Amino acid sequence: MEYKFNEIEKKWQDYWRENKVYRVSNNSGKPKYYVLDMFPYPSGAGLHVGHPLGYIASDIYSRYKRLKGFNVLHPMGFDSFGLPAEQYALETGQHPATTTEKNITTFKAQLDKIGFCYDWDRELRTSDPQYYKWTQWIFLQLYNSYFCNTQQKARPIADLVKKYETKGCKNFTADQWNAFTKKEQEDILMNRRLAFSAYGEVNWCEALGTVLANDEVVNGVSERGGHPVERKKMRQWFLRITAYANRLLQGLETVDFSDSMKEMQRNWIGKSEGAEIEFNIKNSDSKLNVYTTRPDTIFGVDFMVIAPEHEIVLNITTANQKAEVEKYLAYVKSRSERERLAEAKIITGCFTGAYAINPFDGKEIPIWIAEYVLAGYGTGTIMAVPCGDQRDFAFANHFKIPITNIIGSHFNGQEANATKDAVLQNSDFLNGMIMKDAMAVAINKVEELGIGKRKVNYRMRDAGFSRQRYWGEPFPITWSDGIANPIDASELPLELPHVDKYSPGPNGEGPLANLTDWVDLSPNPSPNERGTKAPGYYNSTIAEWKKTIGFAKQNRKEPTIEENIIWQKLRNRKIGGFKFRRQHPIAGYIPDFVCLEKKLIVEIDGGYHNKEEQKIYDAGREAWLAECGFTMIRFTNDEVKNSVKNVLKSIEQALLNKKVLEKEELKTETNINSELEKQPALENEGLAPSPQESESSKYESLKSEGLTPSPLERAGGEVRRETSTMPGYAGSSWYFLRYMDPHNDKTFCDRKASDYWNQVDLYIGGTEHAVGHLLYSRMWTKVLFDLGLIGFDEPYKKLLNQGMIQGSSRFVYRLNVEIPFTESKLNFDEKLLWKKLPFLSKFHYDNFHLPETKKLIQAEYDEIFKNTSLSEFKISQPSPLHVDVNIVDGVELDIEEFKKWRNGEYANAEFILEDGKYICGVETEKMSKSKFNTVNPDELCDKYGADTFRMYEMFLGPVEASKPWDTKGIEGVHRFLRKLWRLLFDEVKGKIWTDEKATDTELKVLHRTIKKIEEDTERFSFNTAVSTFMICVNELADLKCSKKVVIEQLLILLAPYAPHISEELWHQLGNKGSVLDANYPTFNPALLVESTKDYPVSVNGKLRTNIELSLNLEQKQVEEMILENDIVKKWLDGKLPKKIIFVKNKMINVVV
RNA sequence: ACUCGGGUGGUGGAACUGGUAGACACGCAGGACUUAAAAUCCUGUUCACAGCAAUGUGAGUGUGGGUUCAACUCCCAUCCCGAGUACCA
């Protein structure tokens, strides 16, 4: 029987899916284990072989833990909001929701093919309203919390308000607080909220009218279009992660991350201790606050550098320097932060003309501005000590600023010396002190003189949390009179409205700002925009219209459950492709849903329709709307509850029965208005009034019937929604919690579930997330913990970093020719040239500079173009071109495939070969479609099977290491699985296994394998585990061992790595249950005990021979025995050994 | 520029705690089986020099230095490559 991997894998994947073998329960007597992969972004390019590396590792470990008796949670989902989908939408007009959906489908199919053990019932998508409802909810928790410095934790902002109201604080008394306006109070609170709004710098591109990501800015201009980009301040949301800086540092002590990862986070947080010192400025009232970690160098300050965007700059710049400073500021505006820091070789700066006064000795210090100082760091000012800081030194040198030496001989005048051990000179009261000791003295003096204070600083900045983009979570915030108002939690999710265009809104706002209906919640439209007559399907004055629209908005915000159910099915053109609107005013009425194109109204009965008076009103309304051409269908709440399907069917049928209105017919206001004019006044008929006609007293009566007054009455003034959306990391900051309880609609994650699953035990992902995602999610976890919502304050117990798989690109080399100057374009056949220009094999390319090679190639060229206008041309240096790695076998190009490649672009190409082959060049680069070096896992699974693919990915090298992909070695792994198969099945004889007892040798092989596989899996050394399997199978094959007792155990060990073949053979051997739940073999050390060892013997550290010795010998006996050895004697050459080193069970070294 | 990784045969890598450098694979070379191919199996394969050969000698883990009886492993310096640097995720 043959190893038919395709059949076997399909069979077991179907079986596992149908029997839900990967379903995970939150109730189990087993100990829990939570394995998580970093949230993937479903990119349009699909999965390439680099993605699954970590997934395979986590899958192996999950299956291993399951075999070891754990209840393992190993979920998968998608971080489906993000810029690429929006970018794609801008380019192609396809809605991000559509493309994202498509991408996820592809991703899932690809993942399933590899045979992962995900519980898909727990799948998450951050762009799903049922998910981001809780992202928004947590945002509101952040918004409504502050960091209490006394308790060092988050607390409800209400506590702070209470404190202000009763006790006041350092800056104001309780009475003062209570006298503040609402706006003043809110501004003060905004300075404490964990999610807060403030001004932040963005990359502003005037030409595109939008804010750009750093990625989209290349060399100071936009990637799209190459327009200039400048730094601009805009109102943004931030998370106050700096408040948590210290706890984020301390938390690192409690988690199992690699040292380098912890180090990166520590450096990112950048805690430093020093002093903030106040400098007066000559001839100015302004003062300069400077933070320094080296107050001991205060007398070595030769100049100050402040960030160009520091607000003080324009105040202190002298008239003389003004023009120059302005010029410099314009230059800096065009530079990105990264450029400003990275290009240290080019020194730029500008003198302001102002001088700071050294508070100790009154020395005048020139104040400069320079791009290498950023406003966001510390106070945006540094005191420059050129003898101790290399960058300051370079700056001083460049601008010829005199340098004061305070460290004597430690400074050589050629470069700065950042020592802390020098004895201070030229330093007034610090003279003679060692710098280390002088620090404390200087700080004390600063505090004593009241010119500054001791201070702990952090390099980390608060995290920007808004994006001027469409495809992200909308903020549950509205603005009125400059005050942010959180939306009530009961109104969540605030769904992302549908847009048809993705271009930016006005004034740098995101695309959402274009949806005036959505954004503008204010009852009064601005007269400029709307004219004096109300728009739409009304015949009403603006005053009346305002009221109607107010009602409509309000109703829209407070739908009944039934309405909501139907709305979810109707929105976004889900039924028949027609657009429905909710609570859209028509002719002064507000129907529940309306399709304008079809003039179809859908009503779901609310409670107040039962009243007799209301029924008459309804009937009148229906008749009146019918006159205007609207058809109305009505459903009761019960009908909706009983069968949403039937309701939708009826709606669909109703749509079919009506013709589509022409756009013109639909849009013209007069059309409807003229119909409206025909209507008799309703009041006269004795029917219930329509809202816009009612007087305020009647208004009251509606209120009493369960309708809420419009925002007009509540807020007054303009009310707008926040139009930014949240960044990519919003959804991924807490997703690990949602997996625990993914369908809960009462809370983000039930406390019982989070108490059970607790921390993620193993988190696998790349180091590229080291300082972004990992810090944010750690912070969110701490906040949720502080607020008592979860019971732990670090999300990830252990972190394993997977390396990147790079692409291994292949190159072909196309010859070039020198086209003579005199030759006009018409005189030679250019088409023919490009068609037939030969490709040079690598050897010729490498040796092209050699005259003999060139001569040879020229001859070949002449031969190819013999008798054409091209024959006289001189050849020149060939150019490398990327070629698809999939048509190259190792380095040898498949010439036939190459001729077919790219629709036969090179069908007629000529080749200059070496040894009859075309050899390609090789280079390691990022895996990307444009470099033709991507390899698709699907194809490998088809060709070799998922088990081979999984094991090969692991075999490639350590999970943590980055390495280039090369498909070439996959055959070896495949051969191994076939060899395993052949232990049980012979091509001719079929089943060949026996029930015989295992021999000692066989048991030794087995138990050595058990030991090594267990150890290797535990320490995530999957590549050596795969080798161990190979060794084991090689040895069993050598022993001709086909014994069930041995191979059965091996299959359990192998199951996490190659689940399909293991499951198949496990059943073939006659086992009933799944191998997934077998008992993991126990290692028996007694079987491996040895009595002798073949010791390596070195003389002077060089290996000379091996001697087999009993393991129970002691030093003395060993010494005697090895001195008898002929080879040792030969190397001693009659001399006496100085020393003999003997390490038991390791080695022997004779020192002469 | 800064922070963090990495550099071992023709290739991917192994050597876990300083103790036989190159496990296991790929590739390559030679052979067996076969009419042939595929598949499979066997042998060899770090480099240099010497030898018909068994084998021997020397060198060898980016480069230069150091510590040690012993260094891929620890220390110092240096070169090269990768990741991140706050709006890609």
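Per chain, numbering begins at 1; letters A, B, ... match sequence-line order. Just so we're clear, the structure is a prediction, and the values are computed from it rather than from any experiment.
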Would you sketch RNA chain B in dot-bracket for me? Only Watson-Crick or G-U wobble pairs with both distances under 3.5 Å count, crossing pairs as [ ], other-strand pairs as |, the rest as dots.
(((((((..(((......[....)))((((((.......))))))(((((....)))))..(((((..]....))))))))))))....
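Between the side chain of A/N1023 and the main chain of A/M954, no donor-acceptor pair closer than 3.5 Å is present. Formation of a donor-acceptor pair under 3.5 Å by the A/E960 side chain with backbone atoms of A/Q802 is not found in this model. Looking at A/N1149, its side chain does come within 3.5 Å of a backbone N or O of A/G1101 through a donor-acceptor pair.
Atom name C1', nucleotides B/rU68 and B/rC81: the rounded distance is 31 Å, in whole Å. If you take atom P in B/rG6 and the same atom in B/rG58, they sit 34 Å apart, rounded to whole Å. B/rA25 and B/rU45 are spaced 15 Å apart, taking the P atom of each and rounding to whole Å. Rounded to the nearest Å, the gap between the P atom of B/rC74 and that of B/rG7 is 11 Å. Between B/rA83 and B/rC88, the two C1' atoms lie 14 Å apart (nearest whole Å). Of the P atoms belonging to B/rC47 and B/rA29, the separation is 15 Å, rounded to the nearest Å. Nucleotides B/rU40 and B/rA53 are separated by 33 Å at their P atoms, to the nearest Å. Nucleotides B/rG62 and B/rG44, compared at atom P, are 29 Å apart to the nearest Å.
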Expected list for residues 974-983 of chain A: side-chain donor-acceptor pairs under 3.5 angstrom, two or more places apart:
from: A/H974; atom 1: ND1; to: A/Y944; atom 2: O; distance (Å): 3.3
from: A/H974; atom 1: ND1; to: A/T948; atom 2: OG1; distance (Å): 3.0
from: A/H974; atom 1: NE2; to: A/R978; atom 2: NH1; distance (Å): 3.2
from: A/K979; atom 1: NZ; to: A/N1034; atom 2: OD1; distance (Å): 2.9
from: A/W981; atom 1: NE1; to: A/M1; atom 2: O; distance (Å): 3.0

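If you measure from atom CD of A/E2 to atom P of B/rU40, you get 11 Å, rounded to the nearest angstrom. Residue A/N267 contributes atom CG, which lies 15 Å from atom C1' of B/rA1 at whole-angstrom precision. Nucleotide B/rA1 holds its C1' atom 17 Å from the CZ atom of A/F393, rounded to whole Å. For A/L956 and B/rG13, the CG to P distance is 7 Å, given to the nearest whole Å. We find that CE of A/M261 is positioned 13 Å from P of B/rC4, with the value rounded to whole Å. The CD-C1' distance, from A/E953 to B/rG12, rounds to 13 Å in whole Å.
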So if I define the base as every atom that isn't primed, P, OP1 or OP2, how would nucleotides 83-89 of chain B read as a B/S/- string at a heavy-atom cutoff under 4.0 Å?
SSBBBBB
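Side chain to side chain, A/W734 and A/T135 meet the donor-acceptor criterion of an N or O pair below 3.5 Å. Side chains of A/S80 and A/S127: a donor-acceptor N/O pair is present below 3.5 angstrom, by distance only. Side-chain contact of A/Y1057 with A/T1017: a donor-acceptor pair under 3.5 Å is present, judged by distance alone. One side chain, A/E1108 or A/T1092, offers a donor N or O that lies under 3.5 Å from an acceptor on the other. Donor-acceptor pairing under 3.5 Å is recorded for the side chains of A/S197 and A/R235. In this structure, a donor-acceptor pair under 3.5 Å is absent between the side chains of A/T767 and A/N801.
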Below 3.5 Å between N/O atoms, which protein atoms pair up with nucleotides 57-62 of chain B? Just atom names and distances, please.
from: B/rU57; atom 1: OP1; to: A/K1130; atom 2: NZ; distance (Å): 3.4
from: B/rG58; atom 1: OP2; to: A/R1104; atom 2: NH1; distance (Å): 3.2

Under 3.5 Å, which N/O atoms of the protein pair with N/O atoms of nucleotides 14-22 of chain B?
from: B/rA14; atom 1: OP1; to: A/N1023; atom 2: ND2; distance (Å): 2.8

Between the protein and nucleotides 25-31 of chain B, which nitrogen or oxygen pairs come in under 3.5 angstrom?
from: B/rA25; atom 1: OP1; to: A/N1034; atom 2: ND2; distance (Å): 2.6

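Cation-pi geometry between A/R231 and A/W204 is not met: the NZ or CZ atom fails to fall both under 6.0 Å from the ring centre and inside 45° of the normal.
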Evaluation steps, ring-ring contact (aromatic ring centres under 6.0 Å, His included), between A/F465 and A/Y729
CA-CA 9 Å; A/F465 198 65; A/Y729 65 84; 5.7 Å; yes
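Within a 6.0 Å sphere centred on NZ of A/K943, heavy atoms belonging to other residues, nucleotides or ligands number 12 at most. Enclosure of atom NZ in A/K1011 is not indicated, since only 12 or fewer non-hydrogen atoms of other residues, nucleotides or ligands lie within 6.0 angstrom.
Using a 4.5 Å cut-off on side-chain heavy atoms (C-beta onward), A/R391 and A/Y372 make contact.
A salt bridge links A/R1008 to A/E1035: at least one charged side-chain nitrogen sits closer than 4.0 Å to a carboxylate oxygen. A salt bridge links A/E263 with A/R266: at least one charged nitrogen is closer than 4.0 Å to a carboxylate oxygen.
Base orientation at B/rG9 is syn, since its O4'-C1' glycosidic dihedral falls within 90° of 0.
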